[in-house]
There are 2 protein chains.
Amino acid sequence: MLETMDILKDRLKEKGSKLTPQRRATLNIILQNKGEHLNTEEIYELVRKDCPEIGLATVYRTLQLLEEMDIVSRINLDDGCSRYEIKTGDEDHQHHHLICQGCNKIIEVKIDLLDHLEQEIEKEYDFDIKDHKVKFFGLCSDCNKK
Amino acid sequence: MLETMDILKDRLKEKGSKLTPQRRATLNIILQNKGEHLNTEEIYELVRKDCPEIGLATVYRTLQLLEEMDIVSRINLDDGCSRYEIKTGDEDHQHHHLICQGCNKIIEVKIDLLDHLEQEIEKEYDFDIKDHKVKFFGLCSDCNKK
DNA sequence: CTAAGGTATGAAAATAATTATTAATTGAGA
DNA sequence: TCTCAATTAATAATTATTTTCATACCTTAG
Ligand SMILES: [Zn+2]
Ligand SMILES: [Zn+2]
Ligand SMILES: [Zn+2]
Ligand SMILES: [Zn+2]
C-alpha cells in the first residue's frame with residue numbers, strides 16, 4: 001500500500017505537484033477496493049468517509065490525475081459512467097473484462113493472449129501498438145444455467 | 001443500398017413500427033458514409049440536408065432503434081460521444097479499430113483472430129461469449145515517422 | 001366519411017456526467 | 001514570517017443524451 005502512494009508522490013513531485021490529503025484519500029479508496037470497478041460517484045461516497053469536506057469536482061480532478069500518472073486505469077463498460085481500478089503494473093498491458101449481460105457481473109481475465117494478434121497487426125498495418133482495451137460480452141455460468 | 005433498407009423495413013414491421021422518411025434518411029446517411037465513424041451530431045447535420053425538419057431527438061431515437069435492430073453498431077472511442085457505423089453482417093463479430101494517439105486517425109482491422117482466445121476463455125471461465133469489443137491504441141505509420 | 005387508437009415527431013425541458021470559474025486556503029521554500 | 005504557486009470547495013456552466021408532451025399522421029372499425 002505504501003509503495004503505490006510513494007510512486008504517486010514521486011510522479012507528482014516531478015510535475016511540480018503535491019500529494020494532498022484529498023489525493024491520498026482517493027488513492028487509498030482505490031487501493032482498498034482492488035477487484036472492484038468503482039465509478040466516480042461511488043469513489044466520492046467512500047472517500048467522504050475519510051475526508052468529509054472533499055468536493056466531487058476534486059474527485060474528478062484526482063481521478064484524471066491518477067490516470068495521467070499511470071496509477072489507475074479508466075474503464076468504460078458502456079453504462080454511462082467512467083469506472084476506475086488500480087493498475088497492477090506487473091503486466092505490460094492491463095487485464096480484460098468479461099461482462100455478463102444477464103447479471104452485469106464483471107469477471108477479470110488475467111491471460112493476455114493478444115500478443116500474437118498485436119504482432120500481426122503491427123506488421124500488416126504498420127501501426128505501433130501501445131495499448132489495447134478488450135471487453136467480452138456474454139453470459140456467466142450462473143446466468144447460463146437459468 | 002436497397003438491401004439494408006429492406007432489412008430495416010422488415011425488422012420494423014415485425015415490431016409494429018414503420019419506416020418513416022426520417023428513419024430512411026438517417027440510415028441513408030450512415031450507408032453513404034461507410035468507413036467513417038460519425039457521431040450523433042455529425043449524423044444530424046448530414047441528415048438535415050435531406051430532411052431539414054428533422055429534430056435531434058429523432059436522430060437519437062433512430063440511432064438507438066438501428067442499434068436494436070442490429071443494423072448499426074455503436075462505437076465508443078473515449079471521446080465523450082457515441083459514434084456509429086453500419087454493420088457489415090458478413091462477419092460473426094464486428095471489426096476492430098486502431099486509434100492513433102498522434103492524429104486521432106481510425107484504422108479498421110478486418111482480421112478477427114480472437115476466436116482462439118475466446119475458446120480458451122469460454123473453457124477457463126465457463127463464460128458464454130456473445131460479442132467482444134476491441135480497441136488498439138498507438139501510433140500510425142505517418143505519426144511514427146515524425 | 002369519421003372517429004378511435006396507435007405510432008412517430010419536433011420542440012423544449014429535464015438529466016446526468018463532467019468541466020470551468022472563482023475566491024479562499026494551504027504549504028513548501030526564501 | 002513572508003511569498004507565491006498549487007489546490008481546493010462551492011458553484012455555475014457545458015455537453016451528450018433522454019424524456020415529456022402536445023401535435024401530426026396512419027390504419028382500421030363503424
Ligand atoms: Zn451473469
Ligand atoms: Zn478489472
Ligand atoms: Zn497518426
Ligand atoms: Zn469501423
Item to check | Gap separating the OG1 atom of B:T40 from the OH atom of B:Y60, nearest 0.5 angstrom | outcome: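 That separation rounds to 4.5 Å.
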
Checklist entry - With sequence neighbours left out, what residues match B:E122 under salt bridge (Lys or Arg N to Asp or Glu O under 4.0 Å)? => result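 Residues passing salt bridge (Lys or Arg N to Asp or Glu O under 4.0 Å) with B:E122: none at all.
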
Next on the checklist: With a 4.0 Å cutoff (strictly under), does any side-chain N or O of B:S82 reach OP1 or OP2 of D:dT17?
Outcome noted: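 Checking D:dT17 against B:S82, a side-chain N or O does come within under 4.0 Å of OP1 or OP2.
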
Next on the checklist: Strictly below 4.0 Å: does A:T20 bring a side-chain N or O up to OP1 or OP2 of D:dT8?
Outcome noted: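 Checking A:T20 against D:dT8: at least one side-chain N or O falls below 4.0 Å of OP1 or OP2.
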
Next on the checklist: Is the shortest side-chain heavy-atom distance between B:N76 and B:D78 below 4.5 Å?
Outcome noted: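 SC-SC contact between B:N76 and B:D78 confirmed.
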
Checklist entry - Taking A:V47 as the fixed residue, which of A:I29, A:I30, A:L56, A:L27 is the one that meets the side chain to side chain contact (heavy atoms under 4.5 Å, CB included) rule? => result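 Single pass found, and it is A:I29.
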
Checklist entry - Can you pull the ring-ring contact (aromatic ring centres under 6.0 Å, His included) pairs that have at least one residue in residues 17-42 of chain B, sequence neighbours excluded? => result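 Listed by first then second residue: B:H37-B:H97.
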
Acceptor/donor pairs from residues 137-146 of chain A side chains to any protein atom, 3.5 angstrom cut, sequence neighbours excluded:
| residue | atom | partner | partner atom | Å |
| --- | --- | --- | --- | --- |
| A:D142 | OD2 | A:K105 | NZ | 3.3 |

Item to check | Option among A:H132, A:K135, A:K133 that satisfies the side chain to side chain donor-acceptor pair (under 3.5 Å) test with A:H96 | outcome: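 For A:H96, the side chain to side chain donor-acceptor pair (under 3.5 Å) check succeeds only for A:H132.
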
Over how many whole Å does the gap from [X] atom [atom1] to [N] atom [atom2] extend?
X: A:D78; N: D:dA16; atom1: CG; atom2: C1'; answer: 15 Å
X: A:R24; N: D:dT7; atom1: CZ; atom2: P; answer: 13 Å
X: A:L8; N: D:dT7; atom1: CG; atom2: P; answer: 11 Å
X: A:R23; N: D:dA9; atom1: CZ; atom2: C1'; answer: 14 Å

Next on the checklist: For chain A and DNA chain C, what are the first and last nucleotides along the strand, 5' to 3', with at least one atom under 4.0 angstrom from a heavy atom of the protein chain?
Outcome noted: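 The contacted stretch runs from C:dA17 to C:dT21.
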
Show the atom names and distances, to 0.1 Å, of all donor-acceptor pairs under 3.5 Å that link a side chain in residues 61-72 of chain A to residues at least two apart or in another chain.
| residue | atom | partner | partner atom | Å |
| --- | --- | --- | --- | --- |
| A:R61 | NH2 | A:T58 | OG1 | 2.9 |
| A:T62 | OG1 | A:T58 | O | 2.7 |
| A:E67 | OE1 | A:R74 | NE | 3.4 |
| A:D70 | OD1 | A:K87 | NZ | 2.8 |

Item to check | Strand-adjacent residues in residues 47-68 of chain B, judged by heavy atoms under 4.0 Å from DNA chain D | outcome: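 Those residues whose heavy atoms fall under 4.0 Å from DNA chain D, taken from residues 47-68 of chain B in numerical order, are B:A57, B:Y60, B:R61, B:Q64.
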
Item to check | Of B:Y44 and B:S17, the one whose closest DNA chain C nucleotide lies more 5' | outcome: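 The residue mapped nearer the 5' terminus is B:S17.
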
